[in-house]
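Notes follow once the structure below has been shown.
No experiment lies behind these values; they were computed from the predicted model shown. For reference, positions follow the sequence shown, starting with 1.
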Amino acid sequence: MSSRLIGVGVGPGDPELVTVKGVNALRAADVVVVPVMDSGERGRAEATVAHYVSAEKIVRVVFALNERSDRVRREAAWDAAGARVAELLGRHGSVAFATIGDPNVYSTFTYLAQTIAELVPGVVVETVPGITAMQDLAARSGAVLTEGTEPLTLVPVTAGATVLEEALAGPGTVVAYKFGRQAAEVAGALARAGRLEDAVWGSALGLPEESVRPAAELDGSPLPYLSTLIAPPRRDGGRGGKL
């Protein structure tokens, strides 16, 4: 019987935002892998999972979660993490991997699944969708992500502020992920595009240190790495104006 690797989206931090299917998948798996940085600190995924499964069932595996500049180190970390998960799959029928947000949206699970497919022939890879940070921020701030025929553009600012500038020049709502370290550049891009007034940003959503603020209050100070921004377009047509 083939072993199964299940990527489970556990949301942006609030344990109540894990879906029923996600909870069932975590509980049904033989072990639940949670990614941690080499510093060993407890991450959001682990903290969320701990609400639903026992500590004995959780396996911490080190990933180079924020490593972008040193490709050799990043690849080595992926290989080591993949080998550890492959070992677990050799001893257990099903292994769940908990990832914040959704496993198919900028998730470490993507790289893990690619590695495991090479290391464990015949492995079955599945995913359980999770609530994303942009959905949670929209709910907490009252921002409407899309109306009518509007497009939605999601960009990671780790790719540079130019990517955000280009997105803001287009129609529809723009969502920026991981923009905290470039908060000053982001504020400038919003101002130049005329989108500063209606934009909102948030960090640590669903956690005690949560912050949800108007983007107009950005003063250039660095923000948490996992900050999220929503910049809606101007909507002047009244109800149904975007249909």
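In plain terms, the two heavy atoms of Ala199 and Pro232 that are nearest each other are CA-CD, 4.1 Å. Taking all atoms of both residues into account, the shortest heavy-atom contact from Gly82 to Ile116 is O-CD1, 3.3 Å. When every heavy atom of Ala98 is checked against every heavy atom of Val32, the shortest pair comes out as CB-CG1, 4.3 Å. Across all non-hydrogen atoms, the minimal contact from Val123 to Ala117 is CG1-CA, 4.2 Å. Annotation for Pro103 and Pro129: closest pair CD-CA, 4.2 Å, computed over non-hydrogen atoms. Minimum interatomic distance between Glu150 and Pro233 (heavy atoms only, all atoms of both residues): OE2-CG, 3.5 Å.
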Next on the checklist: Would Leu154 and Tyr106 count as a side chain to side chain contact (heavy atoms under 4.5 Å, CB included) here? Give the steps.
Outcome noted: CA-CA 10 Å; Leu154 173 61; Tyr106 298 131; 3.7 Å; yes
Item to check | Working for side chain to side chain contact (heavy atoms under 4.5 Å, CB included), residues Arg4 and Val95 | outcome: CA-CA 6 Å; Arg4 295 168 64 236; Val95 174; over 6 Å; no
Item to check | side chain to side chain contact (heavy atoms under 4.5 Å, CB included) between Val33 and Ile58, worked out | outcome: CA-CA 6 Å; Val33 171; Ile58 298 174; over 6 Å; no
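Applying the side-chain hydrogen bond (donor to acceptor under 3.5 Å, both in side chains) test to every pair with at least one member in residues 208-217, sequence neighbours left out, gives these pairs: Arg140-Glu210, Arg213-Glu217. Contacts classified as salt bridge (charged side-chain N to carboxylate O under 4.0 Å, His left out) and involving residues 82-109 (residues at least two apart or in different chains) are given here: Arg84-Glu87, Glu87-Arg91. The list of ring-ring contact (aromatic ring centres under 6.0 Å, His included) pairs with a residue in residues 107-161, not counting sequence neighbours, reads Trp78-Tyr111, Phe97-Phe109.
For the pair Lys57 (side chain) and Ala29 (backbone), a donor-acceptor distance under 3.5 Å is present. Using a distance-only test at 3.5 Å, with no hydrogens or angles considered, no donor-acceptor pair links the side chain of Thr132 to the main chain of Gly101. Panel note: side chain Glu118, backbone Thr115; no donor-acceptor pair is recorded below 3.5 Å. A distance-only check finds no donor-acceptor pair linking the side chain of Arg195 to the backbone of Leu190 [under 3.5 Å]. Counting only distance, with no hydrogens or angles, the side chain of Asp30 and the backbone of Ser94 share a donor-acceptor pair below 3.5 Å.
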Under 3.5 Å, sequence neighbours excluded: what are the donor-acceptor pairs made by side chains of residues 16-27?
| residue | atom | partner | partner atom | Å |
| --- | --- | --- | --- | --- |
| Thr19 | OG1 | Gly22 | N | 2.9 |
| Asn24 | ND2 | Val20 | O | 3.4 |
| Arg27 | NE | Tyr52 | O | 3.1 |

Show the atom names and distances, to 0.1 Å, of all donor-acceptor pairs under 3.5 Å that link a side chain in residues 159-166 to residues at least two apart or in another chain.
| residue | atom | partner | partner atom | Å |
| --- | --- | --- | --- | --- |
| Glu165 | OE2 | Arg192 | NE | 3.4 |
| Glu165 | OE2 | Arg192 | NH2 | 2.4 |

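Note: Ile100 CD1 to Ile131 CD1 = 14.0 Å, rounded to the nearest 0.5 Å. Taking CE of Met134 as the reference point, atom CG of Leu152 lies at 5.5 Å (rounded to 0.5 Å). For the atom pair Asp14 CG and Leu207 CG, the distance stands at 8.0 Å (nearest 0.5 Å). In this structure, the separation between OG1 on Thr48 and CD on Glu46 is 10.0 Å, given to the nearest 0.5 Å. Leu229 CG to Trp201 CH2: the interatomic distance, rounded to the nearest 0.5 Å, is 10.0 Å. For the atom pair OG1 (Thr127) and CG (Asn104), the distance works out to 4.5 Å, reported to the nearest 0.5 Å.
Both Val53 and Val128 belong to a common hydrophobic cluster when Ile, Leu, Val, Met, Phe, Trp and Tyr are linked at side-chain heavy-atom distances under 4.5 angstrom. In the hydrophobic clustering of ILVMFWY residues, with side-chain heavy atoms under 4.5 Å counting as a link, Val157 and Val175 come out apart. Residues Val212 and Tyr177 are members of one and the same hydrophobic cluster, defined by side-chain heavy-atom contacts under 4.5 angstrom among Ile, Leu, Val, Met, Phe, Trp and Tyr. With hydrophobic clusters built from ILVMFWY side chains whose heavy atoms lie under 4.5 angstrom apart, Val85 shares a cluster with Val31. Taken together through direct or relayed side-chain contacts under 4.5 Å among Ile, Leu, Val, Met, Phe, Trp and Tyr, Leu89 and Ile6 form parts of separate hydrophobic clusters.
With respect to Thr228, the side-chain contact (heavy atoms from CB on, under 4.5 Å) criterion is satisfied by exactly one of Val200, Leu137, Asp136: Leu137.
Proximity of Val59 to Val34: side-chain heavy atoms (C-beta onward) are nowhere separated by under 4.5 Å. Within the 4.5 Å cutoff, the side chain of Val61 has no heavy atoms near those of the Val36 side chain.
Around CD of Glu126, the count of heavy atoms belonging to other residues, nucleotides or ligands within 6.0 Å exceeds 12.
Contacts of Phe179 classified as ring pair (Phe, Tyr, Trp, His ring centres under 6.0 Å), with partners at least two apart in sequence or in another chain: none.
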